[in-house]
Novice: 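Here you go, one structure.
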Amino acid sequence: MKKFILTFSLAAFATLNALSQDLKEVALTEEWQQKIEKLAPSKTNFPFSEKKKILVFSLYTGFQHWVIPHTTEMIKVISKKSGAFEVVESIDINQFEKENLAQYDAVVMNNTCSKPEHRNLFWDQLNIVQDKDSVSLMSKAMELEQNLIDYVKNGGGLFLLHGAVTTQNNSMDFSKLVGASFDYHPPQQTIHIHLEDAEHPLVKHFPANGFVHVDEPYFYKNAYSELAFEPLLFFNNSEIKDQRKNQELTAGKTYVAWIKSEGKGRVMYSAASHNAQSFENPDLLEFFLNGLQYVVGDTPD
């Protein structure tokens, strides 16, 4: 059945690509929550000895993704149904004080987009809540960023979703931690997502030939050029429409998701998804659950 669905989807790919546009916002209703709960995996793919505590951090100061509350709810659903995670929600940057980070096995950054002016989420928020000079604010912002970097290096997990790559987008240290900085994205379109290694334990549940997905195709800069991560998903650049003029990539591929180790800790990034409709794909729900297990250390290296 899965092969039939994939074949049908790929046959319609060209038509969908021509017609796709920004998807309509979906209301976060009890009915939607129940749908996701029904689609979510009932158990983890990797054994775990105890329930892990994760922080889902959803503060944004820049672009507001309508999918933020849906993403939080999706994480809560897969965490509860699998029994693997206890979820704490927050938009308080005090969570990035060392003593507060220490209570979590992993931090999930949920579309934590910063303002274009500084591309520094911590600076943006401190500038709102504290009446101090800019030097003091930037010093504190850098301290909170370093706290997060140290937290991961000392064994914490970090999972960044979609727009979270922009959190500290002008910081090369943050770019190296994540594996990339955001450059730009063309308009939403239908994308054929491929598996880098169909046998990789985090993605082997997907159809071997990949899947069709509507989203913003993200392109990256800074640390991305080093490719210092283990890629999981990608798209072919030649298939992406409306790329930035005079910077079109007509060959090669761009990664959609990857994992990397940082000191004793683990990091995962997934550009999926700008849309709550994506969470109606049970394979993606399983992928996110696998990702949570990866960053808390439940999966093999």
Side-chain angles (χ1 to χ4, degrees), residues 57 60-63 65 67 71 106-116 118-124 142 145-146 148-153 156-186 188-189 191 193-197 200 202-203 213 215-237 239-240 243-244 247-249 251-263 265-274 278 284 287-288 290-292 294-295:
F57 189 74
Y60 62 90
T61 56
F63 185 82
H65 284 83
V67 76
T71 301
V107 175
V108 179
M109 306 291 277
N110 173 16
N111 286 289
T112 46
C113 292
S114 55
K115 293 181 179 180
H118 293 283
R119 283 301 193 192
N120 186 316
L121 184 79
F122 298 128
W123 156 267
D124 292 343
M142 293 175 66
E145 177 186 313
Q146 190 61 49
L148 178 58
I149 293 172
D150 291 342
Y151 162 78
V152 176
K153 287 183 176 180
L158 179 62
F159 195 168
L160 303 101
L161 293 169
H162 195 57
V165 70
T166 73
T167 303
Q168 304 292 102
N169 211 56
N170 290 339
S171 166
M172 184 54 75
D173 288 339
F174 188 78
S175 186
K176 288 182 177 294
L177 174 71
V178 175
S181 299
F182 174 74
D183 188 9
Y184 82 102
H185 67 75
Q188 287 203 62
Q189 54 195 277
I191 309 168
I193 303 294
H194 302 269
L195 314 183
E196 179 74 6
D197 176 4
H200 193 285
L202 296 188
V203 302
H213 176 72
D215 213 329
E216 299 165 330
Y218 271 24
F219 289 99
Y220 310 96
K221 61 182 180 179
N222 293 341
Y224 182 80
S225 62
E226 301 174 12
L227 298 179
F229 50 70
E230 184 176 357
L232 299 174
L233 305 175
F234 69 92
F235 57 71
N236 288 317
N237 294 324
E239 297 173 357
I240 302 304
Q243 295 184 43
R244 184 180 282 167
Q247 294 185 29
E248 294 89 349
L249 299 176
K253 55 191 176 183
T254 293
Y255 294 109
V256 174
W258 59 78
I259 55 177
K260 66 189 295 287
S261 60
E262 186 69 25
R266 294 176 168 189
V267 177
M268 179 166 172
Y269 175 67
S270 171
S273 175
H274 185 89
S278 300
L284 269 178
F287 177 63
F288 293 134
N290 287 348
L292 289 175
Y294 169 78
V295 296

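Model, not experiment: these values are computed from the prediction.
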Novice: Nearest heavy-atom pair of S270 and F159: which atoms, and what distance?
Specialist: CB-CE2, 4.2 Å
Novice: Suppose we screen for ring-ring contact (aromatic ring centres under 6.0 Å, His included). Which residues come up paired with F174, at least two apart in sequence or across chains?
Specialist: none
Novice: With E262, which residues qualify under salt bridge (Lys or Arg N to Asp or Glu O under 4.0 Å), at least two apart?
Specialist: K260
Novice: With sequence neighbours excluded, tell me which residues meet salt bridge (Lys or Arg N to Asp or Glu O under 4.0 Å) with E230.
Specialist: none
Novice: Applying side chain to side chain contact (heavy atoms under 4.5 Å, CB included), name anything that partners N236, two or more places apart in sequence or on another chain.
Specialist: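 By the side chain to side chain contact (heavy atoms under 4.5 Å, CB included) rule, N236 matches H194, F234, S238, E239, K253.
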Novice: Indicate the atoms forming the closest heavy-atom contact of C113 with L121, along with that distance.
Specialist: O-CD1, 3.7 Å
Novice: Does any non-hydrogen side-chain atom of K221 lie less than 4.5 Å from one of N169?
Specialist: yes
Novice: Any side-chain heavy atom of N111 sitting closer than 4.5 Å to one from Y60?
Specialist: no
Novice: Which atoms form the tightest heavy-atom contact between S273 and V67, and what is the distance?
Specialist: O-CG1, 3.7 Å
Novice: Can you list the residues that meet the side chain to side chain contact (heavy atoms under 4.5 Å, CB included) rule with H274, with sequence neighbours excluded?
Specialist: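 For H274, the residues satisfying side chain to side chain contact (heavy atoms under 4.5 Å, CB included) (neighbours in sequence not counted) are F63, H65, W66, H162, Q188, D215, E216.
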Novice: N170 vs N120, test: side-chain contact (heavy atoms from CB on, under 4.5 Å). Steps then yes/no.
Specialist: CA-CA 7 Å; N170 290 339; N120 186 316; over 6 Å; no
Novice: Sequence neighbours excluded, which residues qualify as side chain to side chain contact (heavy atoms under 4.5 Å, CB included) partners of A164?
Specialist: M109, T112, L160, T167
Novice: ring-ring contact (aromatic ring centres under 6.0 Å, His included) with F235: which residues, sequence neighbours excluded?
Specialist: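 Only F219 meet the ring-ring contact (aromatic ring centres under 6.0 Å, His included) criterion with F235.
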Novice: Which pair of heavy atoms, one from E145 and one from S171, lies closest together, and at what distance?
Specialist: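 Distance-wise, the nearest heavy atoms are OE2-OG, 2.6 Å.
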Novice: Quick check on side chain to side chain contact (heavy atoms under 4.5 Å, CB included): which of V108, L161, T71 does F288 satisfy it with?
Specialist: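 Of the listed residues V108, L161, T71, the side chain to side chain contact (heavy atoms under 4.5 Å, CB included) partner of F288 is L161.
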Novice: State yes or no: are the ring centers of F182 and Y220 separated by less than 6.0 Å?
Specialist: no
Novice: If the condition is side chain to side chain donor-acceptor pair (under 3.5 Å), which residues does W258 pass it with, not counting sequence neighbours?
Specialist: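 Once residues adjacent in sequence are excluded, W258 has no partner under the side chain to side chain donor-acceptor pair (under 3.5 Å) criterion.
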Novice: How would you list, by chain and number, every residue that makes a salt bridge (Lys or Arg N to Asp or Glu O under 4.0 Å) with K176, sequence neighbours excluded?
Specialist: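 Only E226 meet the salt bridge (Lys or Arg N to Asp or Glu O under 4.0 Å) criterion with K176.
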Novice: Under the rule for side chain to side chain contact (heavy atoms under 4.5 Å, CB included), what residues qualify as partners of D124, not counting sequence neighbours?
Specialist: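 For D124 the side chain to side chain contact (heavy atoms under 4.5 Å, CB included) partners, ignoring immediate neighbours, are T61, S114, K115, H118.
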Novice: Hey, could you give me each pair passing salt bridge (charged side-chain N to carboxylate O under 4.0 Å, His left out) that has a residue in residues 161-171? Not counting sequence neighbours.
Specialist: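 Non-adjacent pairs meeting salt bridge (charged side-chain N to carboxylate O under 4.0 Å, His left out): zero.
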Novice: Which is it for V203 and D197 under the side-chain contact (heavy atoms from CB on, under 4.5 Å) test, yes or no, and what are the steps along the way?
Specialist: CA-CA 8 Å; V203 302; D197 176 4; 5.8 Å; no
Novice: Might you point out which heavy atoms bring A180 and A223 nearest each other, and give the distance in Å?
Specialist: N-CB, 4.2 Å
Novice: As a quick check of understanding, evaluate side-chain contact (heavy atoms from CB on, under 4.5 Å) for F287 and L232, giving each step before the final call.
Specialist: CA-CA 10 Å; F287 177 63; L232 299 174; 4.0 Å; yes
Novice: Could you state the interatomic distance from CD (Q243) to CG (N237), rounded to the nearest 0.5 Å?
Specialist: 6.0 Å
Novice: Just verifying a value: how many Å separate I259 CD1 and Y269 OH, rounded to the nearest 0.5 Å?
Specialist: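 Spacing of CD1 (I259) from OH (Y269) equals 15.5 Å.
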Novice: Can you list the steps and then say if L158 with V295 is a side-chain contact (heavy atoms from CB on, under 4.5 Å)?
Specialist: CA-CA 6 Å; L158 179 62; V295 296; 5.9 Å; no
Novice: Who are the salt bridge (Lys or Arg N to Asp or Glu O under 4.0 Å) partners of D183, not counting sequence neighbours?
Specialist: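 Scan of D183 (salt bridge (Lys or Arg N to Asp or Glu O under 4.0 Å), adjacent residues dropped) gives R244.
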Novice: Hey, could you give me the CG/CD distance between L148 and Q168, rounded to the nearest 0.5 Å?
Specialist: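 Result: 8.5 Å between the selected atoms.
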Novice: Of the non-hydrogen atoms in G179 and F229, which two are nearest, and what is the gap between them?
Specialist: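 Heavy atoms only, the tightest pair is O-CE2, 3.6 Å.
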